[in-house]
Amino acid sequence: MVFKPLSRKFYLRDSIQVARELIGKELVHSSSVGITSGVIVETEAYMGVTDPASHAFGGLRSKRTAVMYLPGGRAYIYLIYGMYNCMNVTAQKEGVPECVLIRALQPVRGIEIMQARRGLKNPESVINLTNGPGKLCQAMGIGADLYGADLCEKRLFVQEAEIFTDGEVGVSRRLNIGYAGSAQDFEWRFYLKGNPFVTKASF
DNA sequence: GACCGGATTGGC
DNA sequence: CCAATCCGGTCC
């Protein structure tokens with residue numbers, strides 16, 4: 001099995017472009033219990049300093065946002081609602097804190113590991129493994145220990161998918177950012193049309 | 001040092 | 001529909 005992380009160059013662009021191009025690529029995590037991976041089918045771009053929905057809005061620098069200011073291509077992982085992790089891919093050149101939230105995956109490798117980590121009652125429900133940002137982090141074993149991980153190395157990375165996922169890329173507003181004012185209307189969410197792992201949205 | 005709320009989820 | 005659960009950000 002040959003792993004080939006995308007180059008740094010892929011990430012050194014604005015997060016909208018990175019978010020769109022991440023659709024259809026494979027996110028891979030090599031952990032002590034084995035390899036898990038999935039095709040990225042839903043993303044959201046967070047445009048940093050000028051984006052009220054971004055954790056780096058206004059140029060905020062903190063322990064949490066620090067990784068976003070490094071050159072793109074690292075994992076920005078944060079705890080949401082005190083219980084779930086969300087994984088972002090950082091984008092842009094050094095000093096420009098943009099990132100892309102991974103909202104859903106279609107499982108490819110290590111599905112049994114994912115099921116064990118998720119601890120679902122009905123294991124036949126594969127859909128529930130990775131159809132949401134918190135769920136996919138749990139299934140993939142992505143936690144705070146991977147904060148800042150370099151995606152150009154081989155522990156946690158993105159590569160070209162070997163399987164073909166058909167369907168075109170849809171665009172919509174981002175979800176659950178009611179606090180973000182007019183930025184709610186920006187269409188910075190990307191998803192694979194018709195894919196069953198994509199979050200059900202009302203628009 | 002206190003208080004508030006969230007880029008979510010699963011159970012009732 | 002709503003509780004879970006805790007960290008970061010804000011304000012005092």
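Since we're looking at a predicted model, the values are computed, not measured. Letters A, B, ... are given to chains in the order of the sequence lines, protein chains preceding strands, and every chain is numbered from 1.
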Short side-chain donor-acceptor distance under 3.5 Å, Arg117(A) and Ser31(A): yes
Among residues 176-187 of chain A, which ones have heavy-atom contacts with DNA chain B below 4.0 Å? Asn176(A), Ile177(A), Tyr179(A)
In the structure I gave you, are the side-chain heavy atoms of Ile40(A) and Arg103(A) within less than 4.5 Å of one another anywhere? no
Going by the salt bridge (charged side-chain N to carboxylate O under 4.0 Å, His left out) test, which pairs reach into residues 17-29 of chain A, not counting sequence neighbours? Arg13(A)-Glu21(A), Lys25(A)-Glu160(A), Glu26(A)-Arg109(A)
Could you tell me the separation between the CD1 atom of Ile102(A) and the P atom of dT8(B), rounded to a whole number of Å? 14 Å
Can you tabulate the close N/O pairs, meaning under 3.5 Å, that link protein atoms to atoms of nucleotides 9-12 of chain C?
| residue | atom | partner | partner atom | Å |
| --- | --- | --- | --- | --- |
| dG9(C) | OP1 | Ser62(A) | OG | 2.9 |
| dG9(C) | OP2 | Ser62(A) | OG | 3.4 |

Less than 4.5 Å apart, any side-chain heavy atom of Val39(A) and any of Leu105(A)? no
So, does Asn88(A) use its side chain to make a donor-acceptor pair with the main chain of Thr90(A) at under 3.5 Å? no
Leu79(A) CG to dA4(C) C1': how many Å, rounded? 12 Å
Nucleic acid contacts - residues 130-146 of chain A versus DNA chain B, non-hydrogen atoms under 4.0 Å: Gly132(A), Pro133(A), Gly134(A), Lys135(A)
Taking the six-membered ring for Trp, are the ring centroids of His55(A) and Tyr78(A) within less than 6.0 Å of each other? yes
Nucleotide N/O to protein N/O under 3.5 Å, stretch nucleotides 1-5 of chain B:
none

Expressed in angstrom and rounded to an integer, what is the separation of Tyr46(A) atom OH from dG6(B) atom C1'? 12 Å
Without decimals, in angstroms, what is the distance between Arg118(A) CZ and dG11(B) C1'? 13 Å
Going through the checks in order, is the side chain to side chain contact (heavy atoms under 4.5 Å, CB included) test met by Gln138(A) and Thr130(A)? CA-CA 8 Å; Gln138(A) 190 178 26; Thr130(A) 54; over 6 Å; no
Charged N to carboxylate O under 4.0 angstrom, Arg8(A) versus Asp150(A)? yes
Grab the CE-C1' distance between Met83(A) and dA3(C) for me, whole Å please. 9 Å
Between dA7(B) atom P and Trp188(A) atom CH2, what is the distance in whole Å? 16 Å
Could you state the atom-to-atom distance from CZ of Phe57(A) to C1' of dA7(B) in whole Å? 15 Å
Contact class for Ile80(A) vs. all strands (heavy atom < 4.0 Å): base, sugar-phosphate, or nothing? sugar-phosphate
Rounded to the nearest 0.5 Å, what separation is found between the CD1 atom of Ile127(A) and the CG atom of Asn195(A)? 7.5 Å
Answer yes if the side chains of Ser30(A) and Arg155(A) hold a donor-acceptor pair under 3.5 Å, and no otherwise. no
Evaluate Ile77(A) against Ile142(A) for side chain to side chain contact (heavy atoms under 4.5 Å, CB included), listing each step before the verdict. CA-CA 8 Å; Ile77(A) 293 156; Ile142(A) 295 170; 3.5 Å; yes
Is Tyr81(A) stacked on the base of dT8(B), with ring centres under 5.5 Å apart and planes under 30° apart? yes
Can you tell if the side chain of Arg173(A) reaches within under 4.5 Å of the side chain of Asp185(A), non-hydrogen atoms only? yes
Would Glu42(A) and Thr199(A) satisfy side chain to side chain donor-acceptor pair (under 3.5 Å), going step by step from the backbone distance to the final call? CA-CA 8 Å; Glu42(A) 183 179 356; Thr199(A) 305; 3.0 Å; yes
Could you grab the distance from atom OH of Tyr11(A) to atom CG of Leu6(A), nearest 0.5 Å is fine? 4.5 Å
Could you write out DNA chain C as dot-bracket? Rules: Watson-Crick or G-U wobble, both distances under 3.5 Å, brackets [ ] for crossings, | for pairs with another strand, dot for unpaired. ||||.||||||.
Short side-chain N/O contact to dA7(B) OP1/OP2 from Arg189(A), under 4.0 Å: no
Please state how far atom CD in Glu42(A) lies from atom C1' in dT8(B), giving the value in whole angstrom units. 13 Å
Decide yes or no for Tyr46(A) and Arg174(A): does some side-chain heavy atom of the first lie under 4.5 Å from some side-chain heavy atom of the second? yes
